[in-house]
Amino acid sequence: MRASDFAVAGKEANPLRGRDPSDTAGFRSKEEAREKLESDVSKLAERQEVFFAARSFALLVVLQGMDSSGKDSLIRHVLSGLNPQGVEVASFRQPTDEEVAHDYLWRCQRRLPERGRIGIFNRSYYEEVLVVRVHPDLLPTEGMRKRATSPAFWSERYEDILSFERHLFRSSTILVKFFLHLSRREQAKRLLDRIDRPEKRWKFSLADVQERERWPEYERAYEEMLAATSVAHAPWYVLPADHKWVTQLAAASILLERLEELKLRYPEPRSEIEAEASQAKEILKRELDQ
């Protein structure tokens, strides 16, 4: 299971065509894949410790997908195994009045991770070329809403996002962008599950069901976005999402591969630290010998 198996090539036409949301990546069952997932999550935790200590890079994980595609589950089962002191999750829902009054990248810029830390964006600035693409009435000004009828408006937004991500890359932020590829049929099952299970019903919204009528529009918006914004330093990975365990397995494997590529090591201790450590060791030994 390699990152390249899921990556979208730059300017790839119809990047979702031929990608099966129900693909199991060669595994026959969740039970068969469990051992690899547990191993990868354990290795991820080890690599995170080195990543945090080295403080050479920041890591930003971007999660996008249709409602109920499994973003929360991915965070819970893959990333919850990491040291919470080095991880921050930011969920971007409907923007506040203050956020609307700024440019659309502003609210996400405020939550970027510092070097040594991992930031997880549960939805992101990409909503501004997805949900807003399907619902241009959500744009904050009349001028923007008029311009949104032109393809040039969205091309400019792709350019802005690419420039922003190029800046992050040049500033030592590693970007890993996951699109959770869910089928319409599986989404229907999961929405029904929300209704039928009392402990999940709080997540249910009639708007989620009504939004399914716009599925083809969202699919076109996702395909165009993936093709326009998957580049070598900030690629998109399309993860099969009909089976959550496959999504989690693929995400863990890709994250581990990307961290291992950095070839980071624990920092060498400074000479004065060695001297202080030796002195401290003598003090502690004397105390124990008393």
Side-chain angles (χ1 to χ4, degrees), residues 16 19 21-22 61-80 88-102 104-108 110-111 119-141 144-145 148 154 157 161 177-226 236-248 250-251:
L16 297 182
R19 297 181 189 263
S22 64
V61 181
V62 175
L63 304 179
Q64 291 288 160
M66 295 289 282
D67 183 63
S68 73
S69 58
K71 296 182 291 296
D72 292 338
S73 294
L74 191 157
I75 293 170
R76 185 165 59 251
H77 289 93
V78 175
L79 300 167
S80 64
E88 181 181 5
V89 179
S91 296
F92 296 100
R93 306 301 180 187
Q94 185 175 346
T96 65
D97 290 342
E98 180 187 22
E99 290 167 345
V100 169
H102 289 80
Y104 67 88
L105 292 172
W106 180 77
R107 67 172 181 160
C108 294
R110 302 171 71 203
R111 304 297 298 274
I120 303 161
F121 282 3
N122 187 347
R123 301 189 188 273
S124 67
Y125 43 88
Y126 278 101
E127 292 295 290
E128 300 297 331
V129 290
L130 294 169
V131 65
V132 175
R133 183 74 183 265
V134 176
H135 295 282
D137 54 297
L138 295 176
L139 288 163
T141 69
M144 285 186 184
R145 291 190 285 272
W154 303 104
R157 288 208 158 191
I161 289 172
K177 303 183 295 190
F178 292 137
F179 169 60
L180 279 56
H181 187 23
L182 182 71
S183 70
R184 185 169 182 169
R185 180 176 177 82
E186 179 61 25
Q187 189 198 51
K189 292 180 180 178
R190 293 182 186 179
L191 292 176
L192 279 171
D193 189 53
R194 286 184 184 178
I195 297 171
D196 292 338
R197 295 176 61 180
E199 70 274 19
K200 288 190 174 184
R201 196 169 297 157
W202 65 272
K203 287 186 175 183
F204 171 73
S205 169
L206 181 60
D208 294 336
V209 177
Q210 294 170 334
E211 200 70 359
R212 284 169 51 80
E213 297 177 8
R214 293 181 175 268
W215 188 278
E217 295 173 65
Y218 275 106
E219 198 164 50
R220 286 193 297 271
Y222 268 110
E223 286 216 296
E224 185 174 309
M225 177 275 289
L226 292 168
W236 275 104
Y237 299 99
V238 177
L239 309 185
D242 278 10
H243 303 286
K244 291 183 180 180
W245 57 269
V246 177
T247 311
Q248 295 156 16

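Within the 3.5 Å criterion, the main-chain N or O of Ser68 finds a donor-acceptor partner in the side chain of Arg190. Without hydrogens or angle criteria, Glu99 side chain to Thr96 main chain gives a donor-acceptor distance under 3.5 Å. Using a distance-only test at 3.5 Å, with no hydrogens or angles considered, a donor-acceptor pair links the side chain of His77 to the main chain of Ser73. For Arg157 (side chain) and Glu128 (main-chain N/O), a donor-acceptor pair under 3.5 Å exists by modelled atom type. Side-chain N or O atoms of Gln64 include one that pairs as donor or acceptor with a backbone N or O of Ser124 at under 3.5 Å.
Between Pro240 and Pro21 the shortest heavy-atom distance is CB-O, 3.5 Å. Across Met225 and Val129, no two heavy atoms sit closer than the pair CG-CG2, 3.8 Å. Residues Arg145 and Pro140 approach most closely at NH1-C, 3.7 Å, considering heavy atoms. Residues Tyr125 and Cys108 approach most closely at N-SG, 3.5 Å, considering heavy atoms. Of all heavy-atom pairs spanning Ser69 and Leu180, the tightest one is O-CD2, 3.5 Å.
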Open item on the list: For Arg184 and Met66: C-alpha separation, side-chain torsions, deciding distance, then whether side chain to side chain contact (heavy atoms under 4.5 Å, CB included) applies.
Closed with: CA-CA 9 Å; Arg184 185 169 182 169; Met66 295 289 282; over 6 Å; no
TODO: Please lay out, stage by stage, how Ile161 and Tyr104 fare under the test side chain to side chain contact (heavy atoms under 4.5 Å, CB included).
DONE: CA-CA 10 Å; Ile161 289 172; Tyr104 67 88; 4.0 Å; yes
Open item on the list: Does Val131 form a side chain to side chain contact (heavy atoms under 4.5 Å, CB included) with Arg123? I'd like the steps, not just the answer.
Closed with: CA-CA 11 Å; Val131 65; Arg123 301 189 188 273; over 6 Å; no
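One finds the CD1 atom of Ile75 at 4.5 Å from the CG atom of Asn122 (value rounded to the nearest 0.5 Å). Here the straight-line distance linking atom CG of Leu206 with atom CD of Glu211 works out to 11.0 Å at 0.5 Å rounding. Atom CD in Gln248 sits 10.0 Å away from atom CG in Leu79 (nearest 0.5 Å). The CD atom of Glu217 lies 11.5 Å from the CD atom of Glu219; values are rounded to the nearest 0.5 Å. Here NZ of Lys189 is found 7.5 Å from OG of Ser183. Values are rounded to the nearest 0.5 Å. Distance CG/Leu16 to CZ/Arg220: 13.0 Å, rounded to 0.5 Å.
Looking at residues two or more places apart in sequence or on another chain, you find a ring pair (Phe, Tyr, Trp, His ring centres under 6.0 Å) between Phe179 and His181, Tyr222.
Tested against Lys177, the residues Val62, Leu63, Leu226 include a single side chain to side chain contact (heavy atoms under 4.5 Å, CB included) partner, Val62. For the pairing with His135, the side chain to side chain contact (heavy atoms under 4.5 Å, CB included) check across Asp137, Val132, Leu139 returns one residue only, Asp137.
Residues Leu191 and Arg194 meet the side-chain proximity criterion, which asks for heavy atoms closer than 4.5 Å. Two residues are said to be in side-chain contact when any heavy atoms from C-beta on lie closer than 4.5 Å; Ser22 and His243 meet this criterion.
When the shell of 6.0 Å around CG of Asp97 is examined, it contains 12 or fewer heavy atoms from other residues, nucleotides or ligands.
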Which atom pairs, donor and acceptor, lie under 3.5 Å between side-chain atoms of residues 88-95 and protein residues at least two apart or in another chain?
from: Glu88; atom 1: OE2; to: Arg111; atom 2: NE; distance (Å): 3.3
from: Glu88; atom 1: OE2; to: Arg111; atom 2: NH2; distance (Å): 2.9

